[in-house]
Structure formats: C-alpha cells, structure tokens
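Lettering of chains follows the sequences in order, A, B, ..., and the numbering in each one begins at 1.
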There are 2 protein chains.
Amino acid sequence: MSTFDPTDRPRGRLGIKEIARRAGVAPMTVSRTLSDPAKVSPETRARVMAVIEQAGFIRNELASSMRSGRRIVGTMVPPLINSGIAEQVQGMTDACQASGYQLLLVQGDFTPEAEEEAIRALLGWQPAGLILQAFVQSPAARRRLAAGPAPVVEISEVRGREPIDMAVGVSNFETAHAMTSHLLAKGYRRIGFVSTPVHGNDRLRQRRIGYRQALRDAGHHYPVPLEIEVPITPAGGAEAVRRLSAMDAALDVIFCSSDTLAIGAVQECHRRGWPIPERLAIAGYGDVDLAAQLFPTLTTLRVDRYAMGRRAVEQLLRRLRGEADVPAVETLGFEIVERQSA
Amino acid sequence: MSTFDPTDRPRGRLGIKEIARRAGVAPMTVSRTLSDPAKVSPETRARVMAVIEQAGFIRNELASSMRSGRRIVGTMVPPLINSGIAEQVQGMTDACQASGYQLLLVQGDFTPEAEEEAIRALLGWQPAGLILQAFVQSPAARRRLAAGPAPVVEISEVRGREPIDMAVGVSNFETAHAMTSHLLAKGYRRIGFVSTPVHGNDRLRQRRIGYRQALRDAGHHYPVPLEIEVPITPAGGAEAVRRLSAMDAALDVIFCSSDTLAIGAVQECHRRGWPIPERLAIAGYGDVDLAAQLFPTLTTLRVDRYAMGRRAVEQLLRRLRGEADVPAVETLGFEIVERQSA
DNA sequence: CTGTTAGCGCATTCAT
DNA sequence: ATGAATGCGCTAACAG
C-alpha cells in the first residue's frame, strides 16, 4: 500500500530519531523544531521541516504528552440530541482546536455509576483539564476530581451548589424566574410548567424552583400544581399540551423547559386548531435556530450555549497558563426573546 | 519505623510501581491484574485490587497505549448542529464506550487545508482507527491515511467513489432518486430541489444527481432548473419557498435535502397561509424526531444515522480484531416515510 | 544554537 | 504464578 521512495528507506519506525538521522541532526533538534522553533537556527529548521514534510512524519502525541504538557481536554456531556448540547460541544471543539488541544468526548445518559466510570476513563488519559456538563453526582467522583491535578469546569447551574473547581453557566433559577415573571406581567394567569425528568438534573430542578418562586412572589397559588415531566422529544411537548390542558381548563400558557418541547407543543396546538397565543400561549427555553422561524415565532429565553462551551475551555486554559484570579464561577447572561407565541 | 499502611501518602507519583510497593508485589503483577486478571492468582488479584481501589489509582492510558494496543478512535465530523450528525456521534460514542475505546473528536466546517490539519492532529494520537464523516478532499491526506496502519471508515456516499479503506453509508443517489420518483408517482409535476451548498459535499451532490436522474427517467424537463442552494438553517428552508415559488408559478412540491430545511419551509407556508400539501407540498430528508410531530407531519426519507455511527465503529473493531472478510463498503437501507406534507 | 543523558509509566519478553 | 530487565517515542535538564 505505501509507496516507497528510494530516498526515504525507513530504518526502523518513522520517529523523531529517523527524521534526525535523515536531516543529519540530533533527535532533540527535531523535537525543538516542532515545539519551540525559535530555538533552532533558521537553516536547521528549514532542513528539518523539509525532511518532516517529505517523510510525512507526525509526532507521537502520546509519547510527547508523557514527558511534557498534557494536550487533551476531556469532556462528559448528556446526549447530544438534547437541544443546546451540540452547540456547546461545538464551542468546546472550536476553542480546543484553536489552542492545540484535543477533545476527548464521553457522552450519554449516565447513571451515577456509569458517570463515575466515564470520569475514570477520561482521567486515565491524563487530561490537561476536564469539562463536565452532566451534574457529577457521585461524591467519590467529586472527591477524586477535586484531589486530582486537572482543573475542572462544570457547565451547570451556578446557583447554590459549590463547584468542584470552577463553573460556567447561568442561574437556571433566575432565568426561569424571569420568564415566569415575564409571562405574569403579560397577563397570563394559569402558567403550566413542563420539563424533562428533573431527577439528577440540577439545572432543571433550579428552573422549576424559579418558576414556583415567581408564582409565589406574585401571590399565585394553584390548587393543583401545573407541573409535569415528559420525555425530551417534540412528542413530549405535544403530550404536555394534552395533559396540562386536561388538568386545568383555564390554562393560558405553558412554559417549556426546552425549545424542543415548546416546538412540539406548538405543533399540537396547530393540530387542535388552537390559535397561539390566543387560545394557548407557549414559551420555550434555549432559543434554537428554529425558534425564530417557527410559525408563530417562538417566545423563548436565550442562553448562548456555544459561548458556554467556549468559555469553559477558555477558563480551563487560563488556569493552565497559571493566570491569577481566574474566577471560580462565571455567570453568563440571558435574554428573554419576546416573539409571537407568548 | 515504617509500618505498612495502604493509606500512606504516595511516595513519588501514584503509579503502578507505587501500587506494587503497597501491595507487596512487583509492578508487573499490578499490570497483569489490570489487563489480564486471569494470569494472576485470585488472592494476589484481590489484594492488588483492594490497594488500587483504596488508593484511587487510575492507570495511565498514555503510557499503556505506547506499549500495547491503541485505545483511541479518532473522528472528524461536520458541525454537530447539522441534523443527523449529533445522532451519528451518539452512535459512535455508545459503541466506543461499550468496547473500551475513547472517542477523540474533531469537528467543524473544514476547508481542505484545515481538514488535512485536523487529520494530522488525530493521527498524532496513534488512534486504533479513524471515522471520517466529512468527505476527505485532500489527496495528500487520503494518501497518508491509506498508507497508515489505522483502519479508516468513511461515513459517506457509498456510490461511485473509492473509499480510502472502508465505508458505511447510503447511496444518496438512490435515496434522492427514490424520493423524487415517489413524488412523481403521487402526481407532483413541478418538483423543486433545495440543498445546502454542494461544493465539496459528495453526499449532497449525489442527492442532486439522483433528483435530476429521476426527473429524466420520467421524461420531465424543466425550462429553468428548479434547484437552489441555501444555508443549512430553518431560515434557509423559508428562503427556498420564496425563491423557488418565484421561479415557477406552477411549483407544486419542494424536495428538501434535509429535514431542517423542510421544517423551515413548512413554517414559511404557514406564514403565507398556504395549505400543505394542497398549495405546496414539502418533502424532507433524514426523519428527525420533529418530523413525525410537525403540523402537518412531514413526509421524509429515513436514514438511521445513529446506526451509521454504531456500524462505523463496529466495522473498525472487526477489522482490528483481525476478522476476515470485513466488507469494504456497507450500504445501509432507507425508507420513504409518507406522511401528510407530500 | 545544538547535542547528550536520563527517564516519563507502562507492558513485552524472558527468566524463575 | 510472579519477577527483572528493557525499551516504546519523546523531551527536561543540563552540558558544550
């Protein structure tokens, strides 16, 4: 398969040593040419680079990382199809690629045990740092992470909980409180709340608490709590319309904890011929691309997930560069995007 | 007076050597306990495992991989927010985690140069195999991959092009041909085609060719080709409705090369008060979650992207296990899902 | 600016 | 069943 050029008959594996031999320098000079070119004379550098190019040599990062700096960022995230997570991962990869790090990805719907296992696996690769999106539930894992040398950024709820190390995120309490208050200010009185299962998900829990608090702050009390949990799919949103409207005939708006649900809810209203927002209003969370294009356009809460991903990596890098005063918790802003649906 | 105490502060780094010291065995025994427990006596194994647990030791995979098998699967994919890619990556991570591999992710909208750079970066980590979704354009990169020791699976178009090594995917020509023929069979006569820019994207190109061929096969010829390119967003789908309906007043259906576009197109129809499919029908590609929940439900072409991701990893593993007759090209099926929109 | 020495943490190989 | 020696490919630290 490989084409052989008589001039580069490899003696042994194609390593830094072989390149050195061909260029007539010491291995160390090749190493320096790669990692600190300024310390090599221009002529030598050119000669070495030429040989590298010609041979198609690629440095073994495994070996390199063992002796010098770590160049892997490990990350654990919930399922990517969840709205927002993909954008966040995109922010992370972009930031990593820009600074020469590689992203090692673990992803899934983890039980506490699986989560612990996943973190263990990541740590084995000696990451320069970790970015964790799923709430780390296992105390053992939290302890291990805190004790380890790798900085950790949790992309998560920034309220109340003590981060393992650093955190980037929004106050989900605040965002949900703001949206609920906004809906109340617009005159809605019976506000339903639908989320995917909050169990083990701090962010969702905080959103629900924010919703409840806003109702209380405004002096509202519902005889039956208008809160339900559904699967994280558009069908879940449709289900929410069915169940919540059955729970309270006076229901006038549903606050969905994600745009995915909101979009599904909107479709169900169309199906029933319910005008939005007149018969039932819908509010989302996340501001995905589709929100602005939906019919009717979706009132939602915008959180910049891409920026979250980027910031998480940047925070990690600042810590790795040894910068002083890297804030432990970075709170990002949010914005209520008022459109037609509520 | 050093009494044996496993809770000892580590002397030196916490490595296999330190574990060995605490357990009173040789480092090699610890290594074996981890990678080939059967070769260690039950008592010794238990003792070593206890120390490992107790100390929270995690093997250095970097060092391990240098000496023995590679445990990284590298992957390069287009932006995750593209419909389908996220599911595919999910399939890959699930399959990797199940077999003890880790996924190193590179992601983005690559120019040929950036693509070459990204592949280079992946190869540096000595991956056991590579899964590439973006079409590898650079001949240099293709040559390098072909020459390297790592098996490569391209998730891509399976028609016409010679894979670097192996391929998993569908015939985009066939899928698009089938959908177009289906629309013709249903009586539509003026079929518009919208895709995101095909430049450098073999899959999209094949879809367009399939569309054209189906029209030709049915004896259709449009004075002005009803083909346009738009950005890969719901707004792009809306744009398609505007532009295509302006190009041909008799347009009766739009075949969108992705569900994202189709969903945007449907919203634009609602905005115009155009009944779907009576005034204008819409067909998509991909069958995302929302397709079945949309109002009206979306006629689309289902391709199991999650399975594609899984299969890609499985094919890699089979090759790595040295199985004979691993097929070079694995063609997955597809299905036209007829719903209300067309 | 360049080379030499030593060793990162583990597993292969060969001993016992 | 266990251990000792050796080296994977690279680079920090220290010459020259």
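Closest approach of B:Leu130 and B:Pro127 over heavy atoms only: CD2-CG, 3.8 Å. The two atoms that bring A:Ile119 and A:Ala141 nearest to each other are CD1-CB, 4.1 Å, heavy atoms only.
Residues B:Ala26 and A:Ser64 each lie close to DNA chain D; by heavy-atom proximity, the contact nearer the 5' end of the strand is made by B:Ala26.
Under 4.0 Å is where a charged nitrogen must lie from a carboxylate oxygen, and between A:Glu314 and A:Arg310 at least one such pair does. At a threshold of 4.0 Å, the pair B:Arg305-B:Glu87 does not count as salt-bridged, since none of the basic side-chain nitrogens sits closer than that to a carboxylate oxygen.
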Which pairs would a plain distance check flag for residues 72-80 of chain A, meaning a side-chain donor or acceptor within less than 3.5 Å of a matching protein atom at least two apart in sequence or in another chain?
unit_1, atom_1, unit_2, atom_2, d
A:Thr75, OG1, A:Ile131, O, 2.7

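Scanning residues 66-73 of chain B for heavy-atom distances under 4.0 Å to DNA chain D yields B:Met66, B:Arg67. DNA chain C lies under 4.0 Å from at least one heavy atom of each of the following residues of residues 37-50 of chain A: A:Lys39, A:Val40, A:Ser41, A:Thr44.
Two end axes, each from the C1' atoms of five base pairs, can be drawn for the helix from C:dC1-D:dG16 to C:dT16-D:dA1; they diverge by 30°, to 10 degrees.
Remark: B:Glu43 engages B:Ser41 in a side-chain contact (heavy atoms from CB on, under 4.5 Å) (not counting sequence neighbours). Every side-chain contact (heavy atoms from CB on, under 4.5 Å) that B:Lys39 has, sequence neighbours left out, goes to B:Arg32, B:Asp36. Under the rule for a salt bridge (Lys or Arg N to Asp or Glu O under 4.0 Å), B:Glu116 has no partner lying at least two apart in sequence or in another chain. Applying the salt bridge (Lys or Arg N to Asp or Glu O under 4.0 Å) criterion to A:Glu330, with sequence neighbours excluded, gives A:Arg311.
Residue A:Arg32 is in base contact, counting any heavy-atom pair closer than 4.0 Å across all strands shown.
On the nucleic acid side, DNA chain C has its first and last nucleotide under 4.0 Å of a heavy atom of chain B at C:dG9 to C:dT12, going 5' to 3'. Taking every nucleotide of DNA chain D with any atom under 4.0 Å from a non-hydrogen atom of chain B, the first and last of them, 5' to 3', are D:dA1 to D:dG9.
To the nearest 0.5 angstrom, A:Gln54 atom CD is 7.0 Å from A:Arg22 atom CZ.
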Check: side-chain hydrogen bond (donor to acceptor under 3.5 Å, both in side chains) between B:Gln88 and B:Gln133: does it pass, once the steps are laid out?
Finding: CA-CA 9 Å; B:Gln88 196 172 291; B:Gln133 152 75 281; 3.0 Å; yes
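Screening residues 134-143 of chain A for salt bridge (Lys or Arg N to Asp or Glu O under 4.0 Å), with sequence neighbours left out, gives A:Arg142-A:Glu154. Sorted by first and then second residue, the pairs that involve residues 89-98 of chain B and meet side chain to side chain donor-acceptor pair (under 3.5 Å), not counting sequence neighbours, are A:Gln107-B:Thr93, B:Asp94-B:Tyr306.
Between the side chain of B:Ser99 and the backbone N or O of B:Ala95 there is at least one donor-acceptor pair closer than 3.5 Å.
Counting non-hydrogen atoms of neighbouring residues, nucleotides and ligands closer than 6.0 angstrom, the CD atom of B:Glu162 reaches no more than 12 such neighbours.
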